[in-house]
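Notes to accompany the following structure.
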Amino acid sequence: MPSKKPQAPQPSPVAGTDTPDKANTNAKLQSLEAFRSDASGQALRTNQGVRIADNQNSLKAGARGPSLLEDFIMREKITHFDHERIPERIVHARGCGAHGYFQSYGCHGELTKAGFLQDPEKITPVFVRFSTVQGPRGSGDTVRDVRGFAVKFYTDEGNFDLVGNNMPVFFIQDAIKFPDFVHAVKPEPHNEMPTGGSAHDTFWDFVSLVPESAHMVMWAMSDRAIPRSLRMMEGFGVHTFRLVNAEGVGSFVKFHWKPRQGVHSVLWDEAQKLAGKDTDYHRRDLWEAIETGHYPEWELGVQIVPEADEHKFDFDLLDPTKLIPEELVPVTPLGRMVLDRNPDNFFAEVEQIAFCPGHIVPGIDFSNDPLLQGRLFSYTDTQISRLGGPNFHEIPINRPVAPNHSSQRDAMHRMTLDKGRAAYEPNSIDGGWPQETPPAARDGGFKSYGERIDAHKIRQRSASFGDHFSQARLFFQSMSPTEQQHIIKAYSFELGKVEREAIRAREVNEILANIDLKLAAAVATNLGLPAPKAGTVKVKGSKPAQSKALSQMNHPGAIGISGRKVAILVTDGVEAGSVDKVVKALEAKRAHPVLLAPTLAPVKAADGTPLPVDASMEGMPSVMFDGVWVPAGKVSLEALEKSGVARHFLLEAYKHLKPIGVSSEGKLLLNKLGLKEDAGLLLGDGQKAFDGFFKALEGHRVWAREAVAEAIPA
Ligand code: HDE
């Protein structure tokens with residue numbers, strides 16, 4: 001009996017026909033539909049529409065003679081091929097994406113007049129692109145890095161782009177430093193190494209010289225930088241934004257995305273192995289989750305700070321290296337986002353989507369965060385060379401649902417056939433159209449928030465941006481002991497790759513010692529450096545000193561083991577009934593069982609029936625799973641015991657702290673492997689063993705096992 005894919009749930013409101021807000025939602029689908037090309041049943045033709053008779057042979061002077069220049073069919077084909085590539089994104093080049101929808105929980109009119117946040121019946125289409133930052137388009141998914149979390153809302157008042165990350169702060173405070181930071185973290189210029197990671201001299205040289213990066217580097221050295229799945233990441237708008245209501249009252253806000261799937265990571269050893277064993281691990285996980293109906297879902301929320309409270313914090317709201325602890329300002333939920341449709345064409349949708357933090361709608365506005373201000377310019381500018389001109393808003397994935405008439409004309413790749421004679425405003429020739437719309441409570445023109453500014457023109461960093469260590473300390477001290485150990489190991493690994501001792505010592509003495517002396521001492525020991533006795537600056541510390549929301553351990557998720565992947569190891573002689581039982585129990589919880597055998601050939605169960613399998617143990621190694629189950633069958637268990645591949649599979653899963661369930665007949669197998677039962681290593685065949693296994697899977701990893709598992713060779 002093969003493992004079955006979980007059933008897809010009900011069709012989404014976007015795709016459905018019974019939604020309250022069909023006009024808006026289906027508008028985006030229709031706008032994409034107009035450009036979708038389906039070749040089934042169609043003749044092969046040239047770009048000019050001529051039917052092609054022979055697509056196998058170029059035109060030659062005789063069967064063995066030279067090719068002829070007049071072969072317009074071959075020339076057209078090869079010319080197009082020669083220009084297939086466009087420049088990849090300067091940062092965030094590696095990514096994947098999906099369609100979905102956003103639905104507000106209610107009317108948030110007291111906070112903002114943005115139309116998509118007024119009505120719980122309104123469905124707003126979205127497209128999300130997740131990415132790594134450092135590596136090129138073909139780099140691995142599981143490298144230690146920040147993840148981009150960019151959402152385009154196709155609202156009926158225009159596109160709103162929330163271009164965030166999976167970490168709530170950033171490395172630098174001022175946009176003018178961004179090219180320096182990116183040049184430091186990117187592969188080094190002489191040999192273009194490393195591909196997809198920050199463990200190298202130029203990165204650590206820069207961050208050890210720039211203490212404002214200390215807080216974000218902490219996040220990058222934490223488990224947040226090696227997510228288990230893109231579905232299991234929080235998202236953050238990072239900067240302080242403004243929401244403005246119909247009365248013109250503004251509030252400062254920080255945007256948050258909270259995943260229903262919980263916040264989970266892989267272990268560092270796993271991340272490194274996955275980078276080779278499944279380079280596409282994250283994009284495959286997202287794709288498969290959507291294909292099998294495990295639609296990932298996030299709650300959008302905001303931390304709201306009334307304007308009058310702007311200066312009530314011990315940090316500056318405009319400083320993007322700071323977060324607002326949730327103990328000080330809780331997150332107010334606004335609505336939910338569901339991703340339920342994979343793209344039809346990666347290039348057309350994921351590669352050509354163009355985000356810009358400057359794409360906002362009435363009811364949303366910027367703050368004066370100097371990093372955000374620089375971003376408002378950069379994104380549109382970069383699309384001009386990446387997408388070949390200023391008309392990238394006409395590419396189907398970028399087209400708003402709202403109409404977009406203007407007096408802009410021409411330029412490279414213009415698609416619109418603008419009618420009329422007056423490409424200027426005001427005009428009388430075309431009846432004065434298109435015309436301005438005065439601002440109004442609803443459907444008005446965009447009006448910038450009228451903040452009063454009375455200042456000198458200067459190049460200066462505000463003194464309120466000066467505390468670089470208090471929140472880095474807050475982050476470290478909010479971690480569980482397990483997470484703290486992972487951070488120590490991450491710093492030790494990365495700095496261990498740095499060739500220059502002076503850089504390693506500077507990071508330990510001038511950065512880590514100011515954050516936490518125990519952290520600095522542990523990293524120093526691992527690097528063979530003397531432990532610093534004191535920091536180099538006086539750190540005032542943050543209030544509160546700890547924040548629960550910062551530890552992933554406090555974000556288990558709300559969907560149990562739904563969508564988790566469990567390997568079931570079988571060979572000839574396995575008890576078919578035992579396999580059936582565990583498959584059914586997993587499917588009942590919407591988990592994804594995968595039957596693995598020594599080869600892809602069906603195995604012969606103990607009762608002689610053939611049992612189809614999904615993959616071989618070598619084809620899908622243990623790093624691709626959340627847990628392992630070994631069903632009953634004396635002969636099968638003996639064969640697993642003798643197989644090096646199976647033994648490695650189980651030991652590796654154990655080392656990576658994964659829940660493992662073994663039929664009670666498998667005690668000998670565990671003994672031979674030298675493994676002892678624990679909260680997540682269970683022997684048994686009944687409901688009790690299943691319950692324990694599912695509970696351990698819900699907890700993601702068996703953290704209590706970590707010290708014991710250290711002894712297992714990697
Ligand atoms: Fe970006 N960033 N960024 N960034 N960023 C780009 O835009 C830039 C920053 C983020 O999936 C580029 O279209 C500057 C913070 C994401 O397509 C570029 C500064 C945050 C993505 C650019 C920042 C981000 C980008 C490269 C400092 C989190 C991928 C190609 C002033 C809030 C979007 C492109 C996608 C991409 C510039 C800092 C997030 C070069 C100048 C802070 C998620 O325009």
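Note that this is a predicted model, so its numbers are computed, not measured. Indexing begins at 1, ligand by ligand and atom by atom, following the structure's order.
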TODO: Just let me know how Val91 lines up against ligand 1, side chain, backbone, both or neither, with a heavy-atom cut-off below 4.0 Å.
DONE: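 Contact part for Val91 vs ligand 1: both backbone and side chain.
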Task: Under-4.0 Å heavy-atom contact with ligand 1, by part of Thr382 that carries it - done: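 The answer is the side chain of Thr382.
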Open item on the list: Among Tyr105, Phe102, Trp257, exactly one meets side-chain contact (heavy atoms from CB on, under 4.5 Å) together with Arg336. Which residue is that?
Closed with: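 Looking at Tyr105, Phe102, Trp257, the match for Arg336 under the side-chain contact (heavy atoms from CB on, under 4.5 Å) is Tyr105.
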Angle class for the [X]/[Y] ring planes (parallel below 30°, perpendicular above 60°, tilted otherwise)?
X	Y	answer
Phe160	Phe255	tilted
Phe206	Phe181	tilted
Phe116	Phe153	tilted

TODO: Look at Tyr379 and state whether any of its N, O or S atoms is less than 2.8 Å from atom 1 (Fe) of ligand 1.
DONE: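 Looking at Tyr379, which is the residue asked about, there is an N, O or S atom under 2.8 Å from atom 1 (Fe) of ligand 1.
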TODO: Could you tell me which atoms of ligand 1, counted from 1 in the order shown, lie closer than 4.0 angstrom to a heavy atom of Gly148?
DONE: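 Taking each heavy atom of Gly148 in turn, ligand 1 has 43 (C) under 4.0 Å.
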TODO: Go through ligand 1 atom by atom and flag the ones less than 4.0 Å from a non-hydrogen atom of His92.
DONE: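 Those of ligand 1 that fall under 4.0 Å from His92 are 5 (N), 10 (C), 16 (C), 21 (C), 25 (C), 29 (C), 36 (C), 39 (C), 43 (C).
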With respect to [atom], which of [options] exhibits the smallest heavy-atom separation?
atom	options	answer
atom 32 (C) of ligand 1	Gln383, Arg375, Arg94	Arg375
atom 44 (O) of ligand 1	Ser378, Gly237, Cys356	Ser378
atom 31 (C) of ligand 1	Leu371, Asp161, Val133	Leu371

Please confirm whether [X] and [Y] have ring centers closer than 6.0 angstrom.
X	Y	value
Phe355	Tyr379	no
His282	Phe130	no
Phe252	Phe241	no

Open item on the list: Please determine whether a side-chain nitrogen of the Lys or Arg among Arg36 and Asp344 lies less than 4.0 Å from a carboxylate oxygen of the Asp or Glu.
Closed with: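 Asp344 and Arg36: salt-bridged.
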Open item on the list: Check contact between Gly164 and ligand 1, using heavy atoms of the residue and a distance below 4.0 angstrom.
Closed with: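 Gly164 counts as a contact of ligand 1 under the 4.0 Å cut-off.
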Open item on the list: Are any of the N/O atoms on Arg386, whether in the backbone or the side chain, positioned under 3.5 angstrom from an N/O atom of ligand 1?
Closed with: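 In this structure, Arg386 places no N or O atom under 3.5 Å from an N or O of ligand 1.
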Tell me which protein heavy atom sits closest to [atom], plus the residue, atom name and distance to 0.1 Å.
atom	result
atom 17 (O) of ligand 1	Arg89 NE, 2.7 Å
atom 35 (C) of ligand 1	Arg129 NH1, 3.2 Å
atom 8 (C) of ligand 1	Phe178 CE2, 3.2 Å

